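For reference, the structure I am asking about is given below.
Fair warning: this is a prediction, and the values are worked out from it, not measured in the lab.
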Amino acid sequence: DGVRRGGLGALAVGRGVRLADGHVVDVDAHNITITDVTLYGQPGIGWREYPQRPSLAQARAFKESMRGRAVDSRLIYIGRDRAGVTGVVVDRVTGRGAGGECVRMRQGATGNTVSRSVFDWCGMFAKDREGKDPWHNGEAVYIGTSPKSTSQPMHDRDTSSGNTVRASRLEPWGSECFNVKENAHSNTLTGSLCAGNIEAAEHGGSLVELRGPRNTVLGNIYGATAGARIKIKADPGYSADGNRVDGQPQQLPAPGVTR
């Protein structure tokens with residue numbers, strides 16, 4: 001079945017395809033490895049229906065055409081029902097078609113790693129709200145919890161930290177590749193390709209958004225975005241100080257790239 005079990009706290013999911021319309025993989029235990037697997041979150045949309053190397057306009061048009069078929073799914077959720085999950089490794093995973101964020105780490109998730117993986121077409125499920133882009137909730141990797149999300153646990157104290165994303169390709173064709181919320185800190189994105197933000201600047205769109213302090217975003221390649229490349233901004237009363245980011249990031253030659 002593609003699930004390999006080791007000692008207590010060691011479980012690896014791999015060598016197969018996992019598809020669901022809710023959460024494909026929830027991780028609420030320490031030291032879990034997810035490797036060599038494809039995760040997919042849209043049972044009503046064929047894998048081959050997605051455009052290859054789209055422009056920003058083509059990506060938005062495709063998502064619009066999928067209204068009514070897309071469902072509100074997630075691919076990997078670390079810390080859904082347990083605080084302080086640590087030691088999770090996501091390695092050589094291909095993920096596509098989350099309804100919202102592709103990978104979420106929350107409730108004080110610490111010391112988890114995403115490496116050598118590909119996540120694209122996140123945020124397939126449109127949410128129409130005044131003043132927001134319909135695909136605002138379409139991050140490739142989302143760390144922490146917004147203080148405004150008062151219905152979520154630890155919304156006022158989610159200090160998820162020490163999590164690393166490296167050597168991966170993140171093309172959400174939604175919102176950010178990498179989003180760190182206010183209380184989360186000391187997380188890293190490095191050596192990765194980050195492209196595919198269709199959320200315009202007037203809606204606060206960017207490829208990377210850092211709302212917490214002391215995060216590191218260095219050595220990445222950036223591609224198509226309808227908004228900013230890197231945005232550092234915290235809500236009033238919170239600090240986004242001490243972040244280290246790419247100053248003159250290398251650009252990816254692809255359709256829709258901003259220079």
Side-chain angles (χ1 to χ4, degrees), residues 9 22-32 34 72-90 95 98-114 119 122-123 125 127 129 132 136-166 168 170 172 174-190 194 199 204-217 230-245:
H23 290 188
V24 181
V25 178
D26 282 330
V27 184
D28 290 308
H30 305 314
N31 304 318
I32 301 297
I34 305 168
D72 194 11
S73 56
R74 306 294 186 275
L75 300 184
I76 298 176
Y77 219 89
I78 298 172
R80 179 185 180 184
D81 297 316
R82 179 178 180 178
V85 173
T86 188
V88 175
V89 175
V90 177
E101 60 268 29
C102 280
V103 178
R104 175 74 182 274
M105 305 180 193
R106 74 170 192 177
Q107 292 207 79
T110 302
N112 304 292
T113 302
V114 175
F119 290 97
C122 314
F125 187 76
K127 295 183 178 180
R129 292 166 295 179
K132 295 283 189 181
H136 171 72
N137 295 331
E139 300 88 347
V141 179
Y142 180 132
I143 300 175
T145 304
S146 170
K148 296 176 182 176
S149 299
T150 56
S151 63
Q152 293 196 24
M154 296 180 67
H155 66 274
D156 58 344
R157 61 188 189 284
D158 187 347
T159 56
S160 294
S161 63
N163 302 292
T164 299
V165 179
R166 64 170 177 258
S168 295
L170 309 174
S175 53
E176 297 88 2
C177 301
F178 189 71
N179 188 344
V180 180
K181 291 303 182 182
E182 274 78 358
N183 288 300
H185 64 89
S186 307
N187 300 285
T188 299
L189 171 66
T190 186
C194 174
E199 187 177 20
S206 61
L207 288 171
V208 173
E209 180 173 273
L210 303 177
R211 290 182 167 270
R214 303 187 303 282
N215 300 286
T216 300
V217 176
I230 299 174
K231 181 174 70 175
I232 301 174
K233 181 182 180 181
D235 283 348
Y238 295 91
S239 171
D241 294 340
N243 288 294
R244 298 190 302 141
V245 302

Problem set entry | Student check: side-chain heavy atoms of V165 and F119 closer than 4.5 Å |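 In short, these two side chains do not touch, never coming nearer than 4.5 Å.
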Problem set entry | Any donor-acceptor N/O pair, S161 side chain to T110 backbone, under 3.5 Å |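 No: the side chain of S161 does not pair with the backbone of T110.
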For this session: Look only at the side chain of R157 and the backbone of Q107, and say whether a donor-acceptor pair between them is shorter than 3.5 Å.
Result: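 Flag not set: sc R157 to bb Q107 has no pair under 3.5 Å.
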Problem set entry | Minimum side-chain heavy-atom gap R129-N137 below 4.5 Å |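 A side-chain contact exists here, since the closest heavy-atom pair is under 4.5 Å.
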Exercise. Atom CD in E209, atom SG in C177: separation rounded to 0.5 Å?
Worked result: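 The SG atom of C177 is 12.0 Å from CD of E209, to the nearest 0.5 Å.
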Exercise. Any idea which heavy atoms bring D158 and G144 closest together, and the distance?
Worked result: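 Closest approach of D158 to G144, heavy atoms only: OD2-C, 3.3 Å.
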Exercise. Does G108 offer a backbone N or O that forms a donor-acceptor pair with the side chain of T159 under 3.5 Å?
Worked result: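 Not a single qualifying donor-acceptor pair exists.
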Exercise. So, N112 versus N163: side-chain donor-acceptor pair below 3.5 Å or not?
Worked result: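 Result is yes, a qualifying pair exists.
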For this session: Considering non-hydrogen atoms only, spot the tightest contact between E139 and S175 and give its length.
Result: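 Here E139 and S175 meet closest at N-OG, 3.3 Å.
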Exercise. Counting N and O atoms only, with roles assigned by atom type, does the side chain of N215 sit under 3.5 Å from a partner on the main chain of N187, one being a donor and the other an acceptor?
Worked result: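 Indeed, once roles are kept as given, a pair shorter than 3.5 Å links the two residues.
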For this session: Report yes if some heavy atom in the side chain of Y238 is under 4.5 Å from a heavy atom in the side chain of P147; otherwise report no.
Result: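 Yes, their side chains come closer than 4.5 Å.
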Exercise. So, does H155 use its side chain to make a donor-acceptor pair with the main chain of S146 at under 3.5 Å?
Worked result: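 No, because the side chain of H155 does not come within donor-acceptor range (under 3.5 Å) of the backbone of S146.
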For this session: Tell me yes or no: between the side chains of R244 and T188, is some donor less than 3.5 Å from an acceptor?
Result: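 Judged by distance alone, the side chains do not pair up.
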Exercise. Of all heavy-atom pairs between A140 and C102, which one has the smallest distance, and what is that distance?
Worked result: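 Minimum heavy-atom separation between A140 and C102: O-CB, 3.4 Å.
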Exercise. Are any non-hydrogen side-chain atoms of M105 and V88 less than 4.5 angstrom apart?
Worked result: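 The answer is no, as the side chains (C-beta and beyond) never meet within the 4.5 Å cut-off.
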Exercise. With a 4.5 Å limit on heavy-atom distance, are the side chains of Y142 and E176 in contact?
Worked result: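 The answer is no; the side chains never approach within 4.5 Å.
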Problem set entry | Nearest heavy-atom neighbours spanning S239 and P213 |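 In this case the closest contact between S239 and P213 is O-CD, 3.3 Å.
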For this session: Could you tell me whether the side chain of T145 reaches within less than 4.5 Å of the side chain of K181, counting heavy atoms only?
Result: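 K181 does not reach T145 side chain to side chain.
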For this session: Tell me, with the steps shown, if V103 and V90 meet side chain to side chain contact (heavy atoms under 4.5 Å, CB included).
Result: CA-CA 10 Å; V103 178; V90 177; 5.7 Å; no
Exercise. Is there a donor-acceptor pair closer than 3.5 Å between any side-chain N or O of S168 and the backbone N or O of R166?
Worked result: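 Pair found, side chain donor or acceptor close to backbone of R166.
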For this session: Name all residues meeting the salt bridge (charged side-chain N to carboxylate O under 4.0 Å, His left out) criterion together with R80; count only those two or more places apart in sequence or in a different chain, and write none if there are none.
Result: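 With sequence neighbours excluded, R80 shows a salt bridge (charged side-chain N to carboxylate O under 4.0 Å, His left out) to D26, given in chain and number order.
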For this session: Answer whether the closest heavy-atom distance between the side chains of V27 and I34 falls below 4.5 Å.
Result: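 They are in side-chain contact.
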Exercise. Is the shortest heavy-atom distance from the side chain of L189 to the side chain of V208 under 4.5 Å?
Worked result: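 A side-chain contact exists here, since the closest heavy-atom pair is under 4.5 Å.
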Exercise. When rounded to the nearest 0.5 angstrom, what is the spacing between CG in N31 and OG1 in T86?
Worked result: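 Output value for this atom pair is 7.0 Å.
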Exercise. What are the two closest heavy atoms between R74 and G100, and how far apart are they?
Worked result: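 In this case the closest contact between R74 and G100 is NH1-N, 3.4 Å.
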Problem set entry | From CZ (R106) to CD1 (I143), nearest 0.5 Å |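 Output value for this atom pair is 14.5 Å.
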For this session: Determine whether the side chains of H23 and R104 contain a donor N or O and an acceptor N or O closer than 3.5 Å.
Result: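 Checked: H23/R104 side chains show no N/O donor-acceptor pair below 3.5 Å.
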Exercise. How long is the gap from CG on L75 to CD on E101, to the nearest 0.5 Å?
Worked result: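 Here the rounded value is 9.5 Å.
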Exercise. Which is it for R82 and H30 under the side chain to side chain contact (heavy atoms under 4.5 Å, CB included) test, yes or no, and what are the steps along the way?
Worked result: CA-CA 10 Å; R82 179 178 180 178; H30 305 314; 3.1 Å; yes
For this session: Check salt bridge (charged side-chain N to carboxylate O under 4.0 Å, His left out) between K127 and all other residues, then give those that pass, not counting sequence neighbours.
Result: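 K127 satisfies salt bridge (charged side-chain N to carboxylate O under 4.0 Å, His left out) with D72 once adjacent residues are dropped.
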